[in-house]
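Can you read through this structure? Questions will come right after.
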Amino acid sequence: MLWDRFAQDNHNSVILARSGAGKSYLAKLEALRSLYAGIEIAVVDPEDEYRRLAETAGGAYVHLGAPGVRVNPFDLSSGPEALTRRALFVHTLIAVLLREKPDPASTAALDRGIVAAYESVGITADPRSHARPAPLLGDLATALDADGDPVARTLASRLAPFVTGTHRGLFDGPTTTRPDGHLVVFSLRDLPGELKAAGTLLTLDTIWRRVSNPEQRRRRLVVVDEAWLLMSEPSGAEFLFRMAKSARKHWTGLTVVTQDAADLLGSPLGQAVVANAATQILLRQAPQAIDALAEAFGLSAGERAYLLGAARGQGLLAAGVDRVAFTALASPEEDDVCRTGIEQTLDDTFDL
């Protein structure tokens, strides 16, 4: 069987599986074979599982969480609406950092602070000012603290850990790297848990700027491994959903990989992400998740039993009402690239 995701109604896919079922292996194998076909790949890698792929394929490796590696969320793109788009993204980022959507009063104060932060470095709605160095998260905190509204000062104090505290390293300076090339892997392993969702969001935003640039349009694949890290935050889930809806317009396929199938299917935004994936891959499932999965995909009793007992690398490929069983098969060379960490020492009983 040959399955071309770029020939489907949309180019997105989801890979749902329990831990240890081979979901990351399969995602790496597809990414490697997509490189053979000239497709540009970007990977959000929470556990540093794709480093060997980047090194073998001559890709770029960005190590977020390492000393001196920073991403400035205030960086502007080109275009007449660049400032407005960036302000909206900063609203999303702050909601993820604070782990809640601000109430209306806080949202208004935050909006004033964002505008003031840009004005403090001479950037206004005039596109001619957009070439100036962008403000930093610290400039936003300063603007909020100077606002006469107590709500704004409360927001400033809540941002302190990310500006002057223990989590400032990702934000306390200009962006240090702008990776380019046929394969870019963003490793988030060394980010503290409190910054995993924000790091995923910043990485996807960086990728999306490149994807949505009409001057650089080409076939692309964006892999978001352990997507539950972002889906657990409502604002982050909304961002991922917008990407899923828009990816096809930019000749891009979004691959969402997660082991928390029940949590993904249990939220409206998660269901929407799955619904916007023409390619749906189900590997071995945990008994606790099989009922939600069976209802969402209309699995038969036989398919339920198959997914509960499937070996690593075995699963179902679903497209609408049609589905077919498969086993991931790799050459020895591909297998060596796609296995990382504990996968290299497991005594598998099947051929990949």
Side-chain angles (χ1 to χ4, degrees), residues 64 68-178 194-195 197-215 233-236 238-239 242:
L64 296 182
V69 179
R70 298 184 298 270
V71 178
N72 183 12
F74 290 82
D75 287 342
L76 290 172
S77 303
S78 59
E81 299 297 322
L83 185 58
T84 299
R85 292 197 302 270
R86 197 67 341 219
L88 292 172
F89 175 74
V90 173
H91 275 280
T92 299
L93 176 65
I94 298 303
V96 171
L97 288 175
L98 300 183
R99 299 193 169 186
E100 65 178 7
K101 280 192 173 184
D103 58 36
S106 298
T107 298
L110 179 58
D111 205 58
R112 293 195 304 270
I114 293 170
V115 172
Y118 277 107
E119 289 179 345
S120 71
V121 296
I123 295 177
T124 67
D126 185 349
R128 291 174 297 181
S129 69
H130 294 181
R132 294 172 177 164
L136 304 174
L137 190 62
D139 296 311
L140 172 60
T142 299
L144 289 169
D145 199 47
D147 193 299
D149 189 344
V151 172
R153 291 196 292 272
T154 298
L155 276 175
S157 66
R158 294 185 68 186
L159 289 176
F162 312 103
V163 175
T164 58
T166 53
H167 298 331
R168 69 184 183 277
L170 189 60
F171 307 105
D172 64 352
T175 298
T176 57
T177 180
R178 301 182 188 278
E194 294 81 359
L195 286 180
T200 302
L201 180 64
L202 284 168
T203 299
L204 283 175
D205 176 65
T206 299
I207 294 169
W208 195 248
R209 292 186 193 213
R210 181 172 176 81
V211 164
S212 60
N213 185 343
E215 297 179 0
E233 303 289 344
S235 294
E238 290 176 6
F239 187 89
R242 291 196 297 269

- Query: With sequence neighbours left out, which residue pairs that include part of residues 199-209 fulfil the salt bridge (charged side-chain N to carboxylate O under 4.0 Å, His left out) condition?
  - Reply: Arg86-Asp205, Asp205-Arg209

- Item | Set of ring pair (Phe, Tyr, Trp, His ring centres under 6.0 Å) partners for His167, sequence neighbours left out | Phe162

- Item | Ile114: which of Val90, Leu144, Leu88 passes side chain to side chain contact (heavy atoms under 4.5 Å, CB included) | Val90

- Query: Has the side chain of Asn72 got a donor or acceptor atom that lies under 3.5 Å from a matching backbone atom of Pro135?
  - Reply: yes

- Task: Search all heavy atoms of Thr175 against all heavy atoms of Arg178 and return the closest pair with its distance.
- Result: CB-NH2, 4.0 Å

- Rounded distance (nearest 0.5 Å) linking atom OG of Ser77 with atom CG of Asn213: 8.5 Å

- Task: Please identify each residue that fulfils side-chain contact (heavy atoms from CB on, under 4.5 Å) with Thr107, with sequence neighbours left out.
- Result: His91, Pro102

- Are any non-hydrogen side-chain atoms of Val121 and Pro133 less than 4.5 angstrom apart? no

- Pairs flagged by side-chain hydrogen bond (donor to acceptor under 3.5 Å, both in side chains) wherever residues 150-161 is involved - sequence neighbours left out: Glu100-Arg158

- Message: Checking Thr176 now: which residues fulfil side-chain contact (heavy atoms from CB on, under 4.5 Å) with it, not counting sequence neighbours?
- Response: Val69, Arg70

- Item | Side chains of Glu233 and Val96 in contact at under 4.5 Å (non-hydrogen atoms) | yes

- Message: When you compare the side chain of Val163 with that of Leu136, does any pair of heavy atoms fall below 4.5 Å?
- Response: no

- Task: Decide yes or no on side chain to side chain contact (heavy atoms under 4.5 Å, CB included) for Leu155 and Leu98, but give the supporting numbers first.
- Result: CA-CA 9 Å; Leu155 276 175; Leu98 300 183; 3.8 Å; yes

- Task: Report the C-alpha separation of Ile94 and Leu140 in whole Å, then their side-chain angles, then the decisive distance to 0.1 Å, and conclude whether the side chain to side chain contact (heavy atoms under 4.5 Å, CB included) test is met.
- Result: CA-CA 11 Å; Ile94 298 303; Leu140 172 60; 4.1 Å; yes

- Note: Arg210-Glu215 ion pair, threshold 4.0 Å (strictly below): no

- How many angstroms lie between CH2 in Trp208 and CZ in Phe239, if you round to the nearest 0.5 Å? 8.0 Å

- Message: Going by the rule side-chain contact (heavy atoms from CB on, under 4.5 Å), which residues pair with Thr92 if we only count those two or more places apart in sequence or in a different chain?
- Response: Leu201, Ser235, Arg242

- Task: Please report the closest heavy-atom contact between Ala143 and Ala117, naming both atoms and the distance.
- Result: CB-N, 4.2 Å

- Task: Would you please name every residue forming a side-chain hydrogen bond (donor to acceptor under 3.5 Å, both in side chains) with Thr124, sequence neighbours left out?
- Result: none

- Query: Which pairs with one or both residues in residues 109-127 pass salt bridge (charged side-chain N to carboxylate O under 4.0 Å, His left out), sequence neighbours excluded?
  - Reply: Arg112-Asp147, Arg112-Asp149, Asp126-Arg128

- Task: Indicate the atoms forming the closest heavy-atom contact of Ala198 with Leu93, along with that distance.
- Result: CB-CD1, 4.1 Å

- Message: What I'd like to find out is whether the side chain of Ile123 reaches to under 4.5 Å of the side chain of Leu76, using heavy atoms alone.
- Response: yes

- Contacts of Ser120 that satisfy side-chain contact (heavy atoms from CB on, under 4.5 Å) - sequence neighbours left out: Asp139

- Message: Can you confirm whether Phe171 sits close enough to Leu195 that some side-chain heavy atom of one is under 4.5 Å from a side-chain heavy atom of the other?
- Response: yes

- Note on the structure: For Phe74, the ring pair (Phe, Tyr, Trp, His ring centres under 6.0 Å) test, sequence neighbours excluded, returns Tyr118

